[in-house]
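Fair warning: this is a prediction, and the values are worked out from it, not measured in the lab.
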Amino acid sequence: QTEFAKMGFSTQQILDSTKATLDLAASMEVDLASAAMLAGSTVNAFGLEAEDTQRVVDVLAKSTSSSALDFGSLTESLKMAAPIAKSTGVSIEETAAMLGVLANTGIKGSLAGTGLRKTFIELNKKGIDLKDALDTVNKSSNGLNTAIDLVGQVGAKSLLNLASRSEDIDKLTISLQESQ
């Protein structure tokens, strides 16, 4: 409850979030303070309301049970990617799915979060939709150069891995949307 209070949740919002936090701590096998920090910071980073805590917790728990993500790597990834994902209109479900797919290809933690953040930023600057960018990389005769042209060297690794697994992103996103 202290962690939620530090993040600006009201007493009622804290009480409303308690059950979801207990569920998250149990499913990820972490202490309550760590679960509260991840849930609360994710709610805040995506500009959601405290009432959305159960949704967020369900997505976080399902993403770790459906991919190579674990609590630590998910926490680090979201710290880097969530604010930019929110500002570019990417949902918590889509973001967690992309982080899960990246984890499945060996890119985890802050490396995944930084790569995804850079991808979102560069595509947004160029006015390119993520799905269009994935298609462009997949159709290119030189995917690496295309990815670098689209998102720079930092984001290219993430974009290449996401492009090669775009169907997995769609499947995991749907699964996370139905995670209740």
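- Residue Lys108 places its NZ atom among more than 12 non-hydrogen atoms of other residues, nucleotides or ligands, all under 6.0 Å distant.
- Applying the side chain to side chain donor-acceptor pair (under 3.5 Å) definition to pairs two or more places apart or across chains, those involving residues 27-39 are Asp31-Ser34.
- Grouped by direct or indirect side-chain proximity (heavy atoms under 4.5 Å, Ile/Leu/Val/Met/Phe/Trp/Tyr only), Leu22 sits with Leu32.
- Residues forming a side chain to side chain contact (heavy atoms under 4.5 Å, CB included) with Gln177 (at least two apart in sequence, or on another chain): Glu93, Thr173, Ile174.
- Cluster membership for Leu99 and Val154, using ILVMFWY side-chain heavy atoms within less than 4.5 angstrom, is not shared.
- Annotation: side chain to side chain donor-acceptor pair (under 3.5 Å) contacts involving residues 144-155, sequence neighbours excluded, comprise Ser140-Thr146.
- For Phe9, the ring pair (Phe, Tyr, Trp, His ring centres under 6.0 Å) criterion is met by Phe4, not counting sequence neighbours.
- Under the side chain to side chain contact (heavy atoms under 4.5 Å, CB included) criterion, Asn138 pairs with Ala163, Ser166, not counting sequence neighbours.
- Listed by chain and residue number, Ser175 satisfy the side chain to side chain donor-acceptor pair (under 3.5 Å) test with Lys62 (two or more places apart in sequence, or in another chain).
- For Lys131, the side chain to side chain contact (heavy atoms under 4.5 Å, CB included) partners are Asp129, Asp170, not counting sequence neighbours.
- With sequence neighbours excluded, no residue forms a salt bridge (charged side-chain N to carboxylate O under 4.0 Å, His left out) with Lys171.
- Take Ser73 and apply the side chain to side chain donor-acceptor pair (under 3.5 Å) test, not counting sequence neighbours, and it matches Asp70.
- Residues satisfying the salt bridge (charged side-chain N to carboxylate O under 4.0 Å, His left out) test with Lys79, not counting sequence neighbours, are Glu76.
- Checked against ring pair (Phe, Tyr, Trp, His ring centres under 6.0 Å), Phe120 has no partners two or more places apart in sequence or in another chain.
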